[in-house]
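Here is the structure we will look at, set down as C-alpha cells.
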Amino acid sequence: MPVVDVDPDELRQLTGHTEKDDDELKDDLFGLGIEYEGVTEDGEFKLEFEADRLDRLSVEGIARSLRYHYGDTRGVYVPETNSPDWTIRVEDVPEERPYVTGAVVRGVDLDEDALDSLIQLQEKLHATMGRKRAKGAIGIHDLTMLKGETVEQTDGSPGKSITYTGIGPDEDTFVPLDDDAERTPADVLTEHPTGETYADLLDEYDSYPAIYDDIGLFSFPPVINGRRTEVSNASRELFVELTGTDQWTIDRMCAIICYALDARGATVEDVTVEYADEGTELRRPDFEVQRKDVSHDRIETLLGIDLEPEEVVDLAERSGLDAEPEGGEELTYEVEIPPYRVDVLHPVDVVDDVGRAYEFNNLVPRYPDVSTIGGRTDSSRLEAAARQSLVGIGFEDLLNFNMTSEADNFDRMRLPRPGGDDATGLPVGDAVGYQPPATISEPYSEDFTILRTWALPSLVAVLENNTHRTYPQDLAEIGFAAHVDESTNTGVAERRTVAALVARHDASFEDAKARLAALFDEFDVALETPPTTHPSFIDGRTASVVADGDEVGVIGELHPEVIVDHDVEVPVAGFELELDALR
C-alpha cells in the first residue's frame with residue numbers, strides 16, 4: 001500500500017480548516033480510507049491508502065479529497081488551460097518507448113514545502129503507475145532554461161518546439177543532475193548513481209530516448225534530467241514531460257501532476273504533441289472527463305440503504321463526481337469522472353464512492369433475509385487442524401504473499417524456469433515448484449509478476465529478511481500455490497500447500513523428517529521418503545514425500561547456493577507437500 005509523508009499544518013492550510021487538531025484530522029482521513037501510520041522524524045504524518053487512489057500521492061490530492069469530504073468543494077473540477085505555445089515533436093524514437101505527453105505550468109510558487117511535495121509525487125508515481133519508470137517516467141524542467149525552436153502553430157501563430165527522438169549511446173553529451181561533468185548517455189548508465197539504478201530499463205534498446213531543445217540535449221528519459229533545466233525554489237514556470245510505453249498511462253500521470261500544481265495556484269497551459277512519423281497531433285494535457293452509467297437500484301442494493309435521487313446526486317458531488325439522473329424504465333445516472341481518478345473502472349467503483357460519502361459507519365447492520373447455519377468447509381477444517389499441528393510441533397505459523405517474481409520463485413532457488421533455457425543442466429523432471437507460472441499481465445511491481453508455484457521460496461525470503469534475529473528459526477506456512485494447466489476451466493490449477501523450514505547451526509534432513517513424521521502421525525497417514533533429486537536441495541540429502549503410496553512433495557537440506565544467495569548463515573532443512581495428502 002502506498003505511504004506518503006504529509007505535513008499536517010500544510011494539510012490544514014490547503015483544506016482551509018486550520019481549526020482542526022491532529023486527532024480530528026486523523027478521524028477525517030480515516031473516513032476517507034486513509035490510515036495514519038505514525039509520524040516521521042520531522043513530525044509529518046505517515047499516511048497509507050488504497051493502491052488505486054494515486055491522486056492521493058501528494059498533500060494536494062489528500063487535501064482535495066478532504067475538501068470534498070467536508071462539502072467545501074462539490075462535483076467535477078477541470079482546470080482551465082491556456083492555448084499551446086509549445087510543441088513536442090516526436091520523430092525516430094526508440095520503438096520500445098514511443099509515447100510522450102506534457103504540459104506547461106506557469107505562476108507556480110515553489111516554496112520548500114511545495115517543491116518537496118512535487119518531488120515526492122513524482123517519485124511515488126514512478127514507483128506505482130510508472131512501474132519504476134518502465135511504463136512511464138516524468139521529467140520536470142525550469143521552463144525559463146529551455147530555448148525552443150521557433151515553429152508555426154496549427155492556428156498559424158508562432159510557437160516553440162522541443163524534440164523527442166532517439167540517439168546512439170555515445171552520440172551526444174549533457175551534464176546530468178547531481179553532476180558537474182559532460183557525459184554521454186552510455187556514460188550516465190555506468191558512471192552516475194541514478195544511471196546505474198535504471199540502466200536495466202534500456203538493456204534491450206538499440207537507441208536511447210532523448211529530448212532536445214534548440215540548445216541541445218536536456219533530458220535522458222527514463223533515467224535522468226539535465227542539470228541545465230533543474231527545478232529550484234526560484235522556478236516559477238515549469239515544463240512537464242512524460243515518456244512511456246502507453247499513452248493512457250502517461251496522460252493520467254500528467255493529469256495528476258497538473259491537478260497538484262493547480263491546487264498551488266498555478267496555471268496550466270496546453271502543449272501540442274506532434275507524432276511526425278504517424279502524421280498525428282494531440283493536444284495535451286488530457287483533461288477529458290470519463291462517463292459511467294450506474295442504476296439507482298444497483299446503488300441501493302449494494303449499499304443496503306434507500307436513497308432518493310437527490311441524495312445520490314449530492315453524495316456523488318461530495319465524492320468529486322457529477323451524476324445526472326436519466327429516466328426510462330429504470331432510473332440510472334450518467335456519472336462524470338474527473339481525469340485524475342484512475343481508479344474508477346466500473347460502476348461498482350462509483351457505488352463505492354457514494355457509500356464513502358454517505359459514510360459506511362452510518363450504515364445500520366441488519367439481518368439477511370435468508371436464514372442459514374454457517375460452518376467451516378471440510379478443506380477449511382483440514383487446514384485449521386494442520387496449522388494447529390504444525391504449531392504444536394514447534395513451527396511458527398506464517399502468512400506470505402501469494403504473488404512473487406520469477407527470480408525469487410525459480411532463479412534464486414536454483415530451479416530452471418519452465419519453458420526457458422535450462423542453463424544449469426540440473427535434473428528437474430517433476431520437481432516440486434517446477435511448473436509454468438500464472439503471469440500477471442499488468443503487474444504493479446517487478447517484485448510481484450507471477451503467482452507462486454510453491455511456498456518454500458516465500459519461507460526462505462522470510463529467513464533472508466530476519467538474519468538479524470536469533471536462531472533457531474522454525475517456520476511453516478499453509479498457503480496458496482498455482483500453475484498454468486490448460487486442462488482446467490480457468491487454465492490455472494490452484495492448490496493449498498504445506499511448507500516448513502528449520503534453520504539452525506545443526507539443521508539436517510533428520511530434523512525435517514522428524515517434524516514431518518510427527519505431522520503425518522497426527523493425521524494417521526503412512527509416510528515414506530525414498531531418495532530423489534531436486535535442484536533446490538543437496539543431492540544425497542533429498543527425498544520424495546510419499547503419503548499412503550502417493551508422491552505428494554519433497555523434503556531435504558537446502559543447497560548451499562540457495563542459502564548463500566539469501567544471505568542466510570546457518571544450514572536449513574525443510575519440506576513441502578500438498579495439503580490434501582493429510583486427508
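Values in this document were obtained by computation on a predicted structure and should not be read as measured data.
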Salt bridge (Lys or Arg N to Asp or Glu O under 4.0 Å) partners of residues 200-216, not counting sequence neighbours, each pair once: D213-R228

Tell me, yes or no, whether the heavy-atom count around Q13 atom CD, taken from other residues, nucleotides or ligands under 6.0 Å, exceeds 12. no

Measure across P193 and T197 and return the closest heavy-atom pair with its distance rounded to 0.1 Å. O-OG1, 3.0 Å

Can a donor-acceptor pair be found, under 3.5 Å and without considering hydrogens, that links the side chain of S319 to the backbone of L321? no

Around N362, counting heavy atoms of other residues, nucleotides and ligands shown, do more than 12 lie under 6.0 Å from its CG? yes

Take atom OH of Y99 as the centre, draw a 6.0 Å sphere, and report whether it contains more than 12 heavy atoms from other residues, nucleotides or ligands. no

Other residues, nucleotides, ligands: >12 heavy atoms within 6.0 Å of F360 CZ: yes

So which of D353, D352, D349 actually passes salt bridge (charged side-chain N to carboxylate O under 4.0 Å, His left out) with R341? D353

Side chain R227, main chain D179, donor-acceptor under 3.5 Å: yes

When you measure from the side chain of R64 to the backbone N and O of L14, does any donor-acceptor pair fall under 3.5 Å? no

Please say whether more than 12 non-hydrogen atoms of neighbouring residues, nucleotides or ligands are located less than 6.0 Å from CD in E80. no

Would you tabulate the side-chain donor-acceptor contacts of residues 169-176 under 3.5 Å, counting partners in other chains and residues two or more places apart, or write 'none'?
unit_1: D170; atom_1: OD1; unit_2: T184; atom_2: OG1; d: 3.2
unit_1: E171; atom_1: OE1; unit_2: G168; atom_2: N; d: 2.7
unit_1: D172; atom_1: OD2; unit_2: Y212; atom_2: OH; d: 2.8
unit_1: T173; atom_1: OG1; unit_2: E182; atom_2: OE1; d: 3.0

Do the side chain of R56 and the main chain of E48 share a donor and acceptor less than 3.5 angstrom apart? no

Check I140, L261, I256, I138 against L121 for a side-chain contact (heavy atoms from CB on, under 4.5 Å) and give me the one that passes. I256

Does any pair with a residue in residues 308-358 pass ring-ring contact (aromatic ring centres under 6.0 Å, His included), and if so which ones, sequence neighbours excluded? Y259-Y340, H296-Y333

Output yes when a side-chain donor or acceptor of T165 lies under 3.5 Å from a complementary backbone atom of E91, and no otherwise. yes

Has E24 got a side-chain atom pairing as donor or acceptor with D21's backbone, closer than 3.5 angstrom? yes

With R284 as partner, the option from T81, D270, T272, D251 fulfilling side chain to side chain donor-acceptor pair (under 3.5 Å) is D251

For residues 297-316, the salt bridge (Lys or Arg N to Asp or Glu O under 4.0 Å) pairs (sequence neighbours left out) are R74-D314

Are any of the side-chain heavy atoms of E288 and P339 separated by less than 4.5 Å? no

Compare all side-chain heavy atoms of R356 with those of L32 and state whether any distance is below 4.5 angstrom. no

Heavy-atom donor-acceptor pair, R236 side chain to N233 backbone, under 3.5 Å: yes

When rounded to the nearest 0.5 Å, the distance separating CG of D109 from CZ of R264 is 8.5 Å

If you define the side chain from C-beta out and look only at heavy atoms, does anything of V223 sit under 4.5 Å from L201? no

Any side-chain heavy atom of R53 within less than 4.5 Å of one from D55? yes

All ring-ring contact (aromatic ring centres under 6.0 Å, His included) counterparts of F218, not counting sequence neighbours: H141

Looking at H17 and R67, would you say the former's side chain and the latter's main chain have a donor-acceptor pair under 3.5 Å? no

Backbone N/O of D5 and side chain of Q120: donor-acceptor pair under 3.5 Å: yes

Of all heavy-atom pairs between A357 and R318, which one has the smallest distance, and what is that distance? O-NH1, 3.8 Å

Does the side chain of K132 come within less than 4.5 Å of P222's, by heavy atoms? no

Apply the ring pair (Phe, Tyr, Trp, His ring centres under 6.0 Å) test between Y208 and each candidate in Y198, F220, Y164; give the one that qualifies. F220

Going by the rule ring-ring contact (aromatic ring centres under 6.0 Å, His included), which residues pair with Y205 if we only count those two or more places apart in sequence or in a different chain? none

Give a yes or no on whether E330 atom CD has more than 12 heavy-atom contacts from other residues, nucleotides or ligands under 6.0 Å away. yes

Supply the atom-to-atom distance D28 CG to Y70 OH, rounded to the nearest 0.5 angstrom. 3.5 Å

